[in-house]
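Bear in mind the structure is a predicted one, so any value in this text is a computation, not a measurement. Heavy-atom basis, side chains included; hydrogens, waters and symmetry copies ignored.
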Protein chains: 2
Amino acid sequence: MSSAKARRGRGTATTGGPAREAWGRLAQLVYPPPFLAVARKLDLRPASLGTLRVLDEPRPMGEIAHFLHCDSSNVTGIVDGLEERGLVRREPSPKDRRVKLIALTAEGRRVRARLMKEVEMPPAWLESLSEADQRTLGEILGRANVK
Amino acid sequence: MSSAKARRGRGTATTGGPAREAWGRLAQLVYPPPFLAVARKLDLRPASLGTLRVLDEPRPMGEIAHFLHCDSSNVTGIVDGLEERGLVRREPSPKDRRVKLIALTAEGRRVRARLMKEVEMPPAWLESLSEADQRTLGEILGRANVK
DNA sequence: TATTGTTATACTCTATAACTATA
DNA sequence: TATAGTTATAGAGTATAACAATA
C-alpha cells in the first residue's frame, strides 16, 4: 500500500479509489446520485443537467429525448434554454438536413466538466467507511445480478 | 442453520432475513425504494401513497404535509382523492376543533398493508446475492455514518 | 409515406396568497 | 393575533397532436 493510501484513514475523502468504484456500482443498481442538489448548485433544471451529461459528443435532439426518457417536444425548450445560456449550439447534420446536432460550446464544456465531477463524487456516508469496507462493498455489488 | 434457510440458495427470494435488513439500511442511505412503480401498480399518485404510508395512526393534515415535504394546500386535494376512493375519513379532533384527523377506513388499512409489503420488498439484484453477501452488505451499511 | 424537430395545448404536481373557523 | 385547513391561482414539468421540412 502506498504511503498516500495509508494516510487516508477512516473518513478521509479521496478521489478515485474504492469509494468511487463502490459508488459507481451502487448508482447503477439503485438510483442516480442526487441530481437535484447538483442542479440547484449549478442553477440548471434537472433536464438541462441530464442533457449536458449525455453531450460527450454532438447528438441529435431525438437521442437526447431518449436519454431523458421524455418526449422530443420537451427537448426543444430545454435546448432553447441551454442555447440562451451559451452552453450549446444547434448545428446542421452533414448527413440528414432534418437533423440538428446539439454540440457543447467552450463554456458548455467547462460546465459539463464541473458537473461530471460533482455527480461522480461519492456521498459522505460512503466516504465515512473504512477503505476495506468500501472495497468489500464494491466487490459485493459487483456480484449482484443487474437485470 | 435451519433447513429452511439452507434451502434458500443464491437468488431464492425470502421475506425477512439479511436481504430485508440490507435493503432497509440502503433505503435510508440512498433513496426510498422505487415508489413510482408501486404507485402505478396500486393506481395511486405518489403523494397519495406517501400519505397512506404515514397513516399508521390518525394524523392531522399538517403533519401529512410535513411528511410529504409539501405545502398543506396540496394535502386538501390528496385527501379528497383518498376519501373519494373510500380509503380515508376526515374526523374531527377531540382536542382542537380546527384540526381534522385523517384516519384509514377498513379498505384503507387493507391497501396500506399491501403497499407496505411492496415497498419493503428488496429488489431483485439484492435477492440475487448469496446470503453471506447480503449479511456482509447489511453490516457494512450499518457502519456508515448517516448524517 | 415516414421521420426530425417545432408549436400549441392540456394535464399533473407543487407553491403562494387570501380566506374561514377556530384558538 | 396566530393557527388548521380550504380555495383560487400560477408556475414548473411532461404528454399528445398537428405541422413544416426533409427523407
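Looking only at side-chain heavy atoms (C-beta outward), Thr51(B) and Phe67(B) stay at 4.5 Å or farther from each other. Put simply, the side chain of Glu107(A) does not reach to within 4.5 Å of the side chain of Arg85(A), judged on heavy atoms.
Residues meeting the salt bridge (Lys or Arg N to Asp or Glu O under 4.0 Å) test with Glu91(B), sequence neighbours left out: Arg89(B).
Taking 4.0 Å as the cut-off between side-chain N and carboxylate O, Arg59(A) and Asp56(A) count as a salt-bridged pair. A salt bridge does not link Glu139(A) with Arg143(A): every distance from a Lys NZ or Arg NE/NH1/NH2 to an Asp or Glu carboxylate oxygen is 4.0 Å or more. Look at Glu131(A) and Arg135(A) and you find a salt bridge, because one of the NZ, NE, NH1 or NH2 atoms lies within 4.0 Å of a carboxylate O, short of that distance.
For the pair Arg97(B) and dA21(C), the criterion of a side-chain N or O lying under 4.0 Å from OP1 or OP2 is not met.
dT6(D) atom C1' lies 14 Å from atom CD1 of Ile78(B), rounded to whole Å. Rounding to whole angstrom units, CD1 of residue Ile102(B) and C1' of dA4(D) are separated by 11 Å. Whole-Å rounding puts the Asp43(A) CG to dA12(D) P distance at 13 Å.
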Tabulate atom names and distances for all N/O pairs under 3.5 angstrom spanning the protein and nucleotides 3-6 of chain C.
from: dT3(C); atom 1: O4'; to: Arg98(A); atom 2: NH1; distance (Å): 3.2
from: dT3(C); atom 1: O2; to: Arg98(A); atom 2: NH1; distance (Å): 2.8
from: dG5(C); atom 1: OP1; to: Met61(A); atom 2: N; distance (Å): 3.1
from: dG5(C); atom 1: OP1; to: Lys100(A); atom 2: N; distance (Å): 3.3
from: dG5(C); atom 1: OP1; to: Lys100(A); atom 2: O; distance (Å): 3.3
from: dG5(C); atom 1: OP2; to: Gly62(A); atom 2: N; distance (Å): 2.8
from: dG5(C); atom 1: O3'; to: Lys100(A); atom 2: NZ; distance (Å): 3.4
from: dT6(C); atom 1: OP1; to: Arg90(A); atom 2: NE; distance (Å): 3.0
from: dT6(C); atom 1: OP1; to: Arg90(A); atom 2: NH2; distance (Å): 3.2
from: dT6(C); atom 1: OP1; to: Lys100(A); atom 2: NZ; distance (Å): 3.1
from: dT6(C); atom 1: OP2; to: Thr76(A); atom 2: OG1; distance (Å): 2.9

